[in-house]
Amino acid sequence: MADVKVYQLSDIGKSLQNMIEKHYQSGFWIKAEISKLNYYPKTGHCFPDLVERKNGKIKAQMRSIIWSTHYQKISKNFLQIAKTPLEDGMQILFRAKVSYHQTYGFSLQILRIDPKFTLGELAVEKEKCIYKLKQEDLFLRNKNLASPLLIKRLAIISYNTSKGYADFLNIINQYKNEFKIHYQLFPSLLQGDKAEQQLVEQLQLIEQRKTAFDAVCIIRGGGGEVGMNCYNSFDVAKTLAEMSLPVYTGIGHSTNETVCEMIAHKNCITPTDFAYDVIHKFKDFALRVEVAQQQIELTVSHAFIYTNKYLQGISINLQKQVHNLVRFQYQKIKQLNTQCQLASPRIVNSARENLFQIQNGIKRKPVFVLHTASQMLNHQKRILSLLSHQILNSNQQLLANQKQRVKYLSPEHVLKRGYSLILKKGKIITDLDNLKKGDVIENLTSKGKIKSSIKDIQK
Amino acid sequence: MKKMKYNQALEELEQIVTEIENEEISVDDLAEKVERASKLIEACKGILSKTEAEVEKILKGMEGEE
Amino acid sequence: MKKMKYNQALEELEQIVTEIENEEISVDDLAEKVERASKLIEACKGILSKTEAEVEKILKGMEGEE
Amino acid sequence: MKKMKYNQALEELEQIVTEIENEEISVDDLAEKVERASKLIEACKGILSKTEAEVEKILKGMEGEE
Amino acid sequence: MKKMKYNQALEELEQIVTEIENEEISVDDLAEKVERASKLIEACKGILSKTEAEVEKILKGMEGEE
Amino acid sequence: MKKMKYNQALEELEQIVTEIENEEISVDDLAEKVERASKLIEACKGILSKTEAEVEKILKGMEGEE
Amino acid sequence: MKKMKYNQALEELEQIVTEIENEEISVDDLAEKVERASKLIEACKGILSKTEAEVEKILKGMEGEE
C-alpha cells in the first residue's frame, strides 16, 4: 500500500471537474424525455429526470437542472410556442452544459429548450394516436352512432367551477320552463397531465350507466389554450371512442382540433355552442311535432276534399259511361237497320239478274236446236238422191255387161271368126260315130251353106 | 200455274235450261218445254215483284220509326 | 200422211237411207222408197217449221212481258 | 213380153247367160236362148229408165219445196 | 213479340242481317226475315228506351242527394 | 245495404264503372248495375261523412289540449 | 325507458302524416290513424316539457294501446 498513491477526494473531484470542463467547454443540443419534471414552485428551480428509452427499456438516465432564472424564460417561451406547459413524459430538445461540482457532483444544466421540437414530437404523437385509432376501427365509431333526436338526459364531464359549465347551465336554464333537461355532472380535471386519468375514469363510469343518459358531453371553458394534450391521449381517445353513448365536446379553445374533438360524435367547439345545440334539438323536436300536427289537420282535410271529389268524379263518369253505352247500342241498332235496308233489295236484284240470264239462255238455244235439225234433214235428202242414182247407174252397168256377154256367145258371132257348123239332115253333128262314108252333110258358115258328101272319116 | 215457291220454280227452270243446253230435249217436246220455262220465269218474276213490294213496305215502316 | 211425230219420222227416214245405202232395196221398190223418204222429210220440215213458229211466239211473249 | 218385174227378168237373164257359158245348150237352142236374153235385157233397160225418170221426178219435186 | 232479352234480340238481329248481307236467305224467306228483323229492331229500341229511362231516374236520384 | 267498408264499396263501384266502360255489361243488366252503383256511392258518402265527423272531433280535442 | 322512445314516437307520428299525405291510408282506417297521431302528438309534447317520470307514464300508456 506504501507504493500506492493516495488521492484526496477533492483531488479526484478537481481532476474530474477539470477534465469535464475542458472536454465539455461549450454546450450541447441533447434530445431526451422528461420522465419527471420536479419543479419546485417555492424556489423556482426545476430538476427534471431525463431518460432515453429504447423499446420501452431505459437506455440512459440522467438528472438535470434548470435554474429558476432560466426556468422562467424557458417555461414562458415553451408555453407560448408549444401551447402546452412542460410536462412529464414530454420529449424535449435542449441545450445543456455538462458540469461537475466537487460537492454536488455531476450535473446537466439546461440552458434552453427548443419548444418547436416538442411541438413536432407532440404532433407526431397525435398522428400516431390517430393512426392507432384508425387501425383499431375506432376513429369514426362514436361519430357513427345514431344522433339522438333529443338530448333530454345528459351526462356532463366538467368541473364545478369551470366557466364553461357555468356558461352551459346559464343557457339551459333560460329554457327550463319550456324544455325539461335532466343532467348530471361527472367532475374531472379538464387539462394538464392529471386530467387524462380522470377523464378516462369518468367516461367509464358513465358507460356503466349508459341507459340513464341520451348523450355525454365534455365541457371546458375559460381556461387558456394550454394543457390540451390530455385530449390527444390515446387512452382518453380510445375510451371516448368506445362509449355507447354519443359524446359531444365543447372544450373551448382555438388551437388545432384535438384527437378527442376529432372523434367525438360532434365537436361543438364551445360549451355555449353545445348548449344551443341541445336547445336546438328540443326546438327542432317541438317544431317537428308542431308541423306534424298542422300537417295532419291539413292533409286530413285535403284527403276528405280529394276523396269527395273522387267520389263525385266516379259518379260523373258512371253517368257518362252509362250514356255512352246506351248511345252505342242505339248506334248499333241503327247500323243494323241500315245494313238491313241496303242488303235486302240486293237479294231481289241478284235473283232478278239470275232470272234474266236464264231467260237469255232459253231464247238462244231452241232456235239453234231447230236449225240443226233442219240442216240434218237436208243432208238426208242429199244422201237419198245420191244413193238412188248410184243404184240405178250400177244396174245400167250390169245390164250392159250381160248384153256384151250374150253377144259373144251367139252362133253368128262364132261363125264370123271362120268356124262352121256341120249339119246332117238339119241337125248339128257333134259326134262322128253317126256318120259314114258317102253321107251328105251341110257346112254352115257366116257367108252361106255348103252341101257336100263324106269321102273318108278319120278318127 | 199454282202458287209455287220461288226456289222450286227456279230449280225446275234451271233443270229445263240444262236439258235444252245439253240437247236432251227432242224437237217434239221443245215447244212445250220452252212454254214451261216461260211460265216459270213469269212466276219467278211475279214472286220477286211481290217480295220486293213487301220488303219495301217493311223497310219503309222501319225508317219511319226512327 | 197422218200426223206423225218428228222423232218417229226421222227414224223411219234414217232407216230408209240406211237400206238404200246397203243396197237392200231393189230397183223395183226404189221409186216407192224414195217417194216415202221424200214424204218423211217433208213431214219433218213441217214439224220443224211449226215448232219454230211456236217457240218464236212464246219467246216473243216473254220479251213482251219485260 | 208381158210386164215383168226387173228382178225376175234379171234373174232369168243371168240364168240364160250362165247356161250358155256352161255350154249346156245345144246349138239348136242357142239362137233361141240368145234371142230370149236379148229380150230380157231390153225389158230390164226399160224398167230402169222408167224408175230413173220416176225417182228424178220425186227428187226434183222435193228440191222445189226447199 | 213476347218480352225478350235485349242481348238475345240483338244476337238474332245480327244473325239475320249477316245472312241477308251474305245472300244466304232465299227469296221465299226474305220478306219474313226482314219482317222479323224489323220486329227485333223495334224490340231492341223499346228495351233501350225503357232502360234509359230507368237509368236516368236512378242517376237523377243520386244527384238530388248531393 | 249492410255496413260495408269504404274501400270494398269503392272497389266494387270502380269495377262496375269499368265494366260499363268496357261494355261488359249488357243492356239487360244495366239498370240493375246502375242501381247498385248508386247505392255504393251513397254508402261511400255516408262512410266519408261519418269519418269526417270523427276526425273533426279528434282534431278539435287536440287543439283544446294546447 | 329506452332512449329511442323519443325518436320512435316522433317517427311514428311523421310516418302517419306521410301516409295520410300519400293517400296510403284508406278512409276506413283514417279515423283510427288520426286518433293515434293525436296520442303521439300529446306524448311528444310531454317529452319536451315534462319531467322524466311523467314522460315515462305517458309513453307507457301508449305502449299499452299498441
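Just so it is clear, the structure is predicted and the values come from calculations on it, not from any experiment. Every chain is numbered from 1, with letters handed out A, B, ... down the list of sequences.
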Beyond-backbone contact of Leu48(F) with Tyr310(A), side-chain heavy atoms, under 4.5 angstrom: no
Taking atom [atom1] of [X] as the centre, does the number of heavy atoms from other residues, nucleotides or ligands within less than 6.0 Å exceed 12?
| X | atom1 | value |
| --- | --- | --- |
| Glu24(F) | CD | yes |
| Lys143(A) | NZ | yes |
| Glu11(F) | CD | no |
| Tyr159(A) | OH | no |
| His182(A) | NE2 | yes |

ring-ring contact (aromatic ring centres under 6.0 Å, His included) against Phe285(A), all qualifying residues, sequence neighbours excluded: none
Qualifying residues under ring-ring contact (aromatic ring centres under 6.0 Å, His included), relative to Phe168(A), sequence neighbours excluded: Phe274(A)
Choice from Val34(F), Leu30(F), Ile16(F) maximising heavy atom contacts with chain A below 4.5 Å: Leu30(F)
What's the spacing between [X] [atom1] and [Y] [atom2] if we round to 0.5 Å?
| X | Y | atom1 | atom2 | answer |
| --- | --- | --- | --- | --- |
| Gln319(A) | Ile20(F) | CD | CD1 | 11.0 Å |
| Glu42(F) | Ser315(A) | CD | OG | 11.5 Å |
| Ile41(F) | Ile314(A) | CD1 | CD1 | 7.0 Å |
| Leu298(A) | Leu59(F) | CG | CG | 11.0 Å |
| Glu56(F) | Glu297(A) | CD | CD | 9.0 Å |

Segment of Ile25(F) engaging chain A (4.5 angstrom heavy-atom cut-off): backbone
Contacts of residues 321-333 of chain A with chain F (heavy atom under 4.5 Å): Gln321(A), Val322(A), Leu325(A), Val326(A), Phe328(A), Gln329(A)
Full working for side chain to side chain contact (heavy atoms under 4.5 Å, CB included) between Thr307(A) and Thr51(F): CA-CA 12 Å; Thr307(A) 310; Thr51(F) 304; over 6 Å; no
Contacts of type side chain to side chain contact (heavy atoms under 4.5 Å, CB included), residue Glu52(F), not counting sequence neighbours: Phe304(A), Asn308(A)
